[in-house]
Amino acid sequence: MIFVNLPVKDVAASREFFTRLGFAVNPDFSDEHTVCVVVEENICVMLLQEDRFRDFINGDISDAAKTKEVLTCLSCDSREEVDEMLAKALAAGATPWKPAMEAGPMYGVSFQDLDGHVWELMHMAQG
C-alpha cells in the first residue's frame with residue numbers, strides 16, 4: 001500500500017473537500033486529527049492536522065501556498081473525467097494552478113487544494 005501524508009490546517013474542511021470530489025474515507029484510519037482519503041484500494045492520502053503531522057517529522061512544515069513539496073498526479077479514464085474532477089474541485093473551494101496541458105496522447109489539468117497542495121489530473125489515451 002502507498003500512504004501519502006500531507007499536513008492540513010482544518011481536517012473537517014479537508015474531509016468535506018475530498019468527499020465532494022467523490023473519494024471515500026476510511027474510518028479505521030480517521031479521527032478528529034486525521035482523515036484517510038481512499039484514492040484506490042492500495043493508495044490512500046493521509047491528511048493530518050498540522051500538530052499531528054509534526055509528530056512524524058523533523059524540522060518545519062513547508063508552506064504549500066508558497067513552495068511546492070510534491071505534485072500528486074491522479075490518472076483518469078477519460079478527458080471528460082479530468083474536466084469533471086477539476087470542476088468538482090473548483091466548486092469545492094480549490095484554486096486553479098496551471099493551464100490545461102495537452103501533449104500528444106496526454107491531457108491534464110491541475111489545482112491547489114484548500115492547503116495549497118498541488119493535484120494534477122491526467123488522462124493518457126491508449127493508442
Side-chain angles (χ1 to χ4, degrees):
M1 292 185 75
I2 296 173
F3 289 88
V4 176
N5 296 274
L6 297 173
V8 298
K9 294 184 184 338
D10 185 334
V11 169
S14 293
R15 175 191 297 261
E16 181 177 338
F17 176 82
F18 283 96
T19 55
R20 285 182 64 185
L21 269 63
F23 293 107
V25 169
N26 182 332
D28 294 335
F29 298 110
S30 301
D31 59 26
E32 66 275 6
H33 305 288
T34 306
V35 61
C36 177
V37 176
V38 180
V39 176
E40 288 188 357
E41 181 180 352
N42 292 309
I43 302 172
C44 295
V45 178
M46 299 296 295
L47 303 170
L48 299 106
Q49 189 81 33
E50 288 183 346
D51 287 343
R52 181 70 176 123
F53 189 81
R54 282 186 183 90
D55 292 339
F56 297 97
I57 66 168
N58 295 327
D60 297 325
I61 295 173
S62 65
D63 182 349
K66 296 179 182 176
T67 61
K68 298 300 164 232
E69 75 282 11
V70 65
L71 302 174
T72 303
C73 184
L74 302 177
S75 177
C76 295
D77 291 332
S78 68
R79 292 174 63 104
E80 293 76 23
E81 183 182 3
V82 167
D83 293 336
E84 288 170 9
M85 183 74 79
L86 177 62
K88 287 179 186 177
L90 297 176
T95 55
W97 192 52
K98 291 184 122 187
M101 181 277 303
E102 194 157 2
M106 296 187 305
Y107 172 69
V109 299
S110 58
F111 63 88
Q112 289 182 282
D113 68 17
L114 303 178
D115 290 280
H117 303 293
V118 173
W119 295 84
E120 297 178 313
L121 306 168
M122 185 72 60
H123 171 66
M124 293 182 274
Q126 303 295 319

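Looking at heavy atoms from C-beta onward, S110 lies in side-chain contact with E120 at the 4.5 angstrom threshold. Taking 4.5 Å as the limit, every side-chain heavy atom of V8 sits out of range of all side-chain heavy atoms of F53. Residues L74 and F23 form a side-chain contact, since some pair of their non-hydrogen atoms from C-beta on lies under 4.5 Å apart. D113 has its side chain within reach of F18: a pair of non-hydrogen atoms, C-beta onward, lies under 4.5 Å apart.
Enclosure of atom CE in M101 by more than 12 non-hydrogen atoms of other residues, nucleotides or ligands within 6.0 angstrom is indicated. More than 12 heavy atoms of other residues, nucleotides or ligands lie within 6.0 Å of NZ in K68, so this atom counts as buried by the packing criterion. Under a cut-off of 6.0 angstrom, the local environment of CG in D60 is sparse, with at most 12 non-hydrogen atoms contributed by other residues, nucleotides or ligands.
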Table please: side-chain donor-acceptor pairs of residues 43-51 below 3.5 Å, with sequence neighbours left out.
| unit_1 | atom_1 | unit_2 | atom_2 | d |
| --- | --- | --- | --- | --- |
| Q49 | OE1 | V11 | N | 3.3 |
| Q49 | NE2 | K9 | O | 2.4 |
| E50 | OE2 | K9 | NZ | 3.0 |
| D51 | OD1 | R54 | NH1 | 3.2 |

Pairs of donor and acceptor atoms involving the side chains of residues 80-95, under 3.5 Å and at least two apart or interchain, shall be tabulated with distances.
| unit_1 | atom_1 | unit_2 | atom_2 | d |
| --- | --- | --- | --- | --- |
| E80 | OE1 | S78 | OG | 3.4 |
| E81 | OE1 | D77 | N | 2.6 |
| D83 | OD1 | Y107 | OH | 2.6 |

Please tabulate, for the side chains in residues 32-40, all donor-acceptor contacts under 3.5 angstrom to protein atoms that are two or more places apart in sequence or on a different chain.
none

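Ring geometry for F3 versus F29: interplanar angle over 60°, hence perpendicular rather than tilted (30 to 60°).
When all heavy atoms of E41 and M1 are compared, the pair lying nearest together is O-CE, 3.8 Å. Here the shortest heavy-atom pairing between M122 and C73 reads CB-SG, 3.7 Å. The two residues S30 and V25 make their nearest non-hydrogen contact at OG-CG1, 3.4 Å. In terms of heavy-atom proximity, A64 sits nearest to Q112 at O-NE2, 3.9 Å.
In this structure, T19 contributes its side chain and E16 its backbone to a donor-acceptor pair below 3.5 Å. D115 places no side-chain N or O within donor-acceptor distance of the main-chain N or O of H117, the cut-off being under 3.5 Å.
Following chains of ILVMFWY side-chain contacts shorter than 4.5 Å, one can reach V4 starting from F111, so the two form part of one hydrophobic cluster.
For the atom pair L21 CG and W119 CH2, the distance stands at 9.0 Å (nearest 0.5 Å).
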